[in-house]
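Okay, structure first, notes after.
Order of listing sets the numbers, starting from 1, for every ligand and every atom in it.
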Amino acid sequence: MSVVIVVGAQWGDEGKGKVVDLFTERADTVVRYGGGANAGHTLVIDGVKLVTHLVPSGVCHPGKSCVLGDGMVIDPHTLLDELAQCQARGLLSRGELLVGLGAHVILPYHKLLDGLREDRGAAKGRAIGTTRRGIGPAYEAKAARRGVRMRDLLKPARLRELVAANLDELGPLIQHLGGTAPAEAEVATWIDDALAAGARLAPHTGDAGRHVARAIAGGRHVLFEGAQGCLLDLDHGTYPYVTSSSTIAAGACQSAGIGPTHIDTVVGITKAYATRVGEGPFPTEIPGELGDKLRNAGGEFGATTGRPRRCGWLDLPALRMGVRLSGMQSLALTKLDVLAALPEVSVCVAYKVDGKELDEPPIDPDDIARAVPVYATFPGWGKLPSQAREISDLPTAARDYVSTIQRMAGVPFCLVSVGPDRAETIRLSDPFAHT
Ligand code: GDP
Ligand code: IMO
Ligand code: MG
């Protein structure tokens, strides 16, 4: 039995979907933990693309148990759409999906509030750049102990009471933020829709925590799929420019309700460069034409919102922080092929703040924003052979790049990805062979 956590080591979109799909070959149970449909995880299998927002990225392996942990915030309509999309492809038709009854529900007023706050924030120069999927407001309600959970969608009277109590407080806030408080008829429609969605999802709901605990006790291989990335963690990321959940590896235990002693290993995913969507400090961001070139070469447009991602050089101080926060024991390096578009490649090896060299980001986000990156520069390597399946298949300059960043990140690579397709992968070690 092995329990493996896969976690984004940067600001999200590192290629977690591709790696989780690959690792699911060896897993019995795949558990999405944390976040909601702010995530967009892309799988490409034999040229066919699938983007998952809520369902685990192990979904393309029929028969594997796919769990949504209690720590998630779930938009039931998005989940139903995704379920239908999967079933149209012959997936999730054997009862593989289990949604935790304790997971919180995103309702239309969460999305409304998220959008209003962003619009108002933008006007005042302090937007977060959220995905507007209602993530923050749903987690706020959870922390305030007035959230709506999946189990509440099965109890009409309770749902009506909860929504009324929430809107009693939120109606004036919506108006204050420039919106229109929802009319009674609209609220009634929201509730009817949520109940209908709840009824359709009911056969897929249950005690996710106990299910995962049983799988572990039964000696199964369990894979936890993180969303977002360590630098977007609510407690440890570049606050306030973060998401509203625990994206680090510890979030897996929290979300699924299992103890940390069950975890065998943590694998971090990092791109060979860096991207960020939304606002917040990004010291290695590449402005201008070169940044645009990298964005186009890497197809760096959000899998959820379609927004152009900000692109920059690999940031080793930020990566080291991710490694530390999640206790990563190995890393998967993705998108090495994308850098082939550039004549030379830089890597930030340290930050300089007030003349001091730092090997991890400073604690104050204002200091991160004014940090001056110290770069090492590598010669470019041209196009990678599309059939590269061993490190020795890579050009010497690409091999040097990989071995240098592995040494400087301080953890070994377990795979190097050289294209979006499942097959375009150099596998170096199997995380499930850990124990
Ligand atoms: P996630 O949120 O971490 O799952 O990542 P996204 O799916 O949002 O973004 C990663 C993008 O990079 C997707 O379009 C993937 O298909 C693509 N991708 C993953 N690995 C590679 C790779 O090694 N090379 C290239 N060119 N694309 C990759
Ligand atoms: P995956 O799982 C990249 C970012 C948003 C914004 C901040 C807060 O695909 O890697 P939120 O909607 O969560 O309140 O937005 O977090 N963000 C992501 N960035 N990948 C993601 O998910 C993200 N999920 C949220 O852009 O900056
Ligand atoms: Mg993504």
Notebook entry, point to check: Do the side-chain N and O atoms of Arg307 and Thr305 include a donor-acceptor pair separated by under 3.5 angstrom?
Noted result: yes

Check: Testing Arg309, Lys271, Gln228 for side chain to side chain donor-acceptor pair (under 3.5 Å) with Asp13, which one passes?
Finding: Arg309

Check: Taking all non-hydrogen atoms of both residues, which atom of Leu113 and which atom of Pro137 are closest, and how far apart?
Finding: CB-CG, 4.0 Å

Item checked: Identified ring pair (Phe, Tyr, Trp, His ring centres under 6.0 Å) counterpart of Phe282 within the set Trp313, Tyr273, Trp11 -> Trp11

Check: Does Arg370 come within less than 4.0 Å of Asp364, counting only side-chain N to carboxylate O?
Finding: no

Quick check on ligand 1: any N or O pairs to the protein under 3.5 Å? One line per pair.
unit_1   : atom_1 : unit_2 : atom_2 : d
ligand 1 : 2 (O)  : Asp13  : OD1    : 3.4
ligand 1 : 2 (O)  : Gly40  : O      : 2.8
ligand 1 : 3 (O)  : Glu14  : N      : 3.0
ligand 1 : 3 (O)  : Gly15  : N      : 2.8
ligand 1 : 3 (O)  : Lys16  : N      : 2.8
ligand 1 : 3 (O)  : Lys16  : NZ     : 2.9
ligand 1 : 4 (O)  : Lys16  : N      : 3.3
ligand 1 : 4 (O)  : Gly17  : N      : 2.8
ligand 1 : 5 (O)  : Gly15  : N      : 3.3
ligand 1 : 7 (O)  : Thr42  : N      : 2.8
ligand 1 : 7 (O)  : Thr42  : OG1    : 2.6
ligand 1 : 8 (O)  : Asp13  : OD1    : 3.0
ligand 1 : 8 (O)  : Gly40  : O      : 2.8
ligand 1 : 8 (O)  : Arg309 : NH2    : 3.0
ligand 1 : 12 (O) : Lys335 : NZ     : 2.9
ligand 1 : 23 (O) : Lys335 : N      : 2.9
ligand 1 : 23 (O) : Ser417 : O      : 3.2
ligand 1 : 23 (O) : Ser417 : OG     : 2.5
ligand 1 : 23 (O) : Gly419 : N      : 3.1
ligand 1 : 23 (O) : Gly419 : O      : 3.3
ligand 1 : 24 (N) : Asp337 : OD1    : 2.8
ligand 1 : 24 (N) : Asp337 : OD2    : 3.4
ligand 1 : 24 (N) : Gly419 : N      : 3.4
ligand 1 : 26 (N) : Asp337 : OD2    : 2.8

Next item on the list: Sort by chain and number the protein N/O/S atoms found under 2.8 Å from the Mg ion (ligand 3).
Entry: Asp13 OD1, Gly40 O

Check: Should Arg94 and Pro62 count as side-chain neighbours, where that means a heavy-atom distance under 4.5 Å?
Finding: yes

Item checked: Carboxylate-amine/guanidinium proximity below 4.0 Å for Asp21 and Arg422 -> yes

Check: Between Leu333 and Ala272, which heavy-atom pair has the shortest distance, and what is it?
Finding: CD1-CA, 3.7 Å

Considering only N or O atoms, set out every pair between ligand 2 and the protein closer than 3.5 Å, with distances to one decimal place.
unit_1   : atom_1 : unit_2 : atom_2 : d
ligand 2 : 2 (O)  : His41  : NE2    : 2.6
ligand 2 : 2 (O)  : Gln228 : N      : 2.8
ligand 2 : 9 (O)  : Asp13  : OD1    : 3.1
ligand 2 : 9 (O)  : Gly40  : N      : 2.9
ligand 2 : 9 (O)  : Gly40  : O      : 3.1
ligand 2 : 10 (O) : Asp13  : N      : 2.8
ligand 2 : 10 (O) : Asp13  : OD1    : 3.4
ligand 2 : 10 (O) : Lys16  : NZ     : 2.7
ligand 2 : 12 (O) : Thr131 : N      : 2.9
ligand 2 : 12 (O) : Thr131 : OG1    : 2.5
ligand 2 : 13 (O) : Asn38  : ND2    : 2.9
ligand 2 : 13 (O) : Thr243 : OG1    : 2.6
ligand 2 : 20 (N) : Asp13  : OD1    : 3.1
ligand 2 : 20 (N) : Asp13  : OD2    : 3.4
ligand 2 : 24 (N) : Gln228 : NE2    : 3.2
ligand 2 : 26 (O) : Gly129 : O      : 3.4
ligand 2 : 26 (O) : Val277 : O      : 3.1
ligand 2 : 26 (O) : Arg307 : NH2    : 2.9
ligand 2 : 27 (O) : Val277 : O      : 2.9

Next item on the list: State, without any angle test, whether Thr334 and Lys18 hold a side-chain donor-acceptor pair at a distance under 3.5 Å.
Entry: no

Next item on the list: Heavy atoms only: give me the nearest Leu331-Met328 pair and the separation to one decimal.
Entry: CD2-SD, 3.8 Å

Next item on the list: Could you point out which residue of Phe224, Phe23, Phe413 forms a side-chain contact (heavy atoms from CB on, under 4.5 Å) with Val267?
Entry: Phe23

Note to self: With side chain to side chain donor-acceptor pair (under 3.5 Å) as the rule and sequence neighbours excluded, what pairs involving residues 392-410 come up?
What the structure shows: none

Check: Can Ser57 and Glu225 be said to form a side-chain hydrogen bond (donor to acceptor under 3.5 Å, both in side chains), step by step?
Finding: CA-CA 8 Å; Ser57 298; Glu225 173 181 3; 2.6 Å; yes

